[in-house]
Amino acid sequence: DAKTTQPPSMDCAEGRAANLPCNHSTISGNEYVYWYRQIHSQGPQYIIHGLKNNETNEMASLIITEDRKSSTLILPHATLRDTAVYYCIVRAAGNKLTFGGGTRVLVKP
Amino acid sequence: GAGVSQSPSNKVTEKGKDVELRCDPISGHTALYWYRQRLGQGLEFLIYFQGNSAPDKSGLPSDRFSAERTGESVSTLTIQRTQQEDSAVYLCASSWNGPGTMVNEQFFGPGTRLTVL
């Protein structure tokens, strides 16, 4: 599965949009982009996934570049409860998840 | 059940003892995964079960680690002769990887925090 690169940390103001970047320049055609987050002392939680089209659900939006080499997770209105480590993962369907270091997001009031 | 459950939630053991960690996946989920997370680190894949196929054991760190799964139900992760470096949170996840499945979201349990003294 392709490797991903994320910034180690970022701060965000409560109520503002949080844009989390991820680079996956070695992604192959059958690999999906997944985002999970892990709130302190909890197991990871699925957020969203996509293949090549932009996706939106009740939690977030996922913007994937046309060449699929990078993506951005958007939390439209960050709340204090969104403070967590966010993991961008690229993998083919059915394969295990390989978690990197993620981005530690701190939402500040 | 409503979600993935794991037991015990916390386990403290002495170095050299064996431990068993249990995972109850979501009913009907065909795939089950074990991960390990050391303090302040990301998740490390340990082992993956899919239906009746041979498990993917490529992440097990040593032969002291083993896991079993009965059908598509409960799984047990066993660590023999525990060492202090085994101290971590052990997470279990399950997903439905049925025929024709293109995307399979993994649902995680709360984890078992293992402390080896």
Side-chain angles (χ1 to χ4, degrees), chain A residues 1-9 20 22 27-53 55 57-60 62 64 71 73 84-106, chain B residues 2-7 9-10 21 23-26 29-51 53 55-60 67 88-113:
Chain A
D1 293 324
K3 182 178 177 180
T4 62
T5 303
Q6 299 176 252
S9 65
L20 282 61
C22 180
I27 192 171
S28 57
N30 66 337
E31 289 179 317
Y32 288 77
V33 180
Y34 290 79
W35 283 84
Y36 280 74
R37 74 178 182 184
Q38 188 172 24
I39 295 170
H40 183 62
S41 298
Q42 298 183 22
Q45 176 191 24
Y46 166 84
I47 301 173
I48 199 167
H49 74 273
L51 183 62
K52 51 185 176 182
N53 296 324
E55 302 288 343
N57 63 20
E58 65 278 4
M59 290 182 70
L62 175 60
I64 303 174
S71 60
L73 178 75
V85 179
Y86 287 76
Y87 295 98
C88 169
I89 300 160
V90 172
R91 71 170 172 118
N95 286 359
K96 59 185 181 288
L97 296 172
T98 301
F99 286 76
T103 296
R104 189 172 299 275
V105 174
L106 175 62
Chain B
V4 178
S5 60
Q6 293 185 244
S7 60
S9 55
N10 281 285
L21 311 180
C23 173
D24 285 85
I26 292 172
H29 277 191
T30 57
L32 187 147
Y33 308 77
W34 283 97
Y35 296 87
R36 176 172 71 178
Q37 187 171 33
R38 291 194 167 109
L39 186 64
Q41 310 269 321
L43 274 73
E44 299 173 66
F45 165 76
L46 295 177
I47 189 168
Y48 160 46
F49 296 91
Q50 170 59 43
S53 303
D56 176 355
K57 303 180 181 180
S58 60
L60 294 179
V89 175
Y90 289 82
L91 289 154
C92 174
S94 70
S95 66
W96 189 80
N97 293 8
T101 304
M102 292 302 297
V103 178
N104 37 13
E105 172 188 346
Q106 291 187 17
F107 294 84
F108 282 80
T112 293
R113 182 175 299 278

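First the proteins, then the strands, lettered A, B, ... as listed; each starts at 1. Excluded from the calculations below are hydrogen atoms, water molecules and symmetry mates; all remaining heavy atoms, backbone and side chain alike, are included.
- For the pair Tyr35(B) (side chain) and Phe99(A) (backbone), a donor-acceptor distance under 3.5 Å is absent.
- In terms of heavy-atom pairs under 4.5 Å with chain B, the best-connected choice from Pro44(A), Gly100(A), Gly102(A), Gly43(A) is Pro44(A).
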Would Phe108(B) and Gln38(A) satisfy side chain to side chain contact (heavy atoms under 4.5 Å, CB included), going step by step from the backbone distance to the final call?
CA-CA 10 Å; Phe108(B) 282 80; Gln38(A) 188 172 24; over 6 Å; no

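- Taking CD1 of Ile48(A) as the start and CD of Glu105(B) as the end, the distance is 11.0 Å to the nearest 0.5 Å.
- Only the side chain of Ser58(B) comes within contact range of chain A, with at least one heavy atom under 4.5 Å from a heavy atom of that chain.
- Looking at Leu43(B), the atoms closer than 4.5 Å to chain A (heavy atoms on both sides) sit in the backbone and in the side chain alike.
- Using a 4.5 Å cut-off between heavy atoms, Gln37(B) contacts chain A through its side chain alone, with no backbone atom that close.
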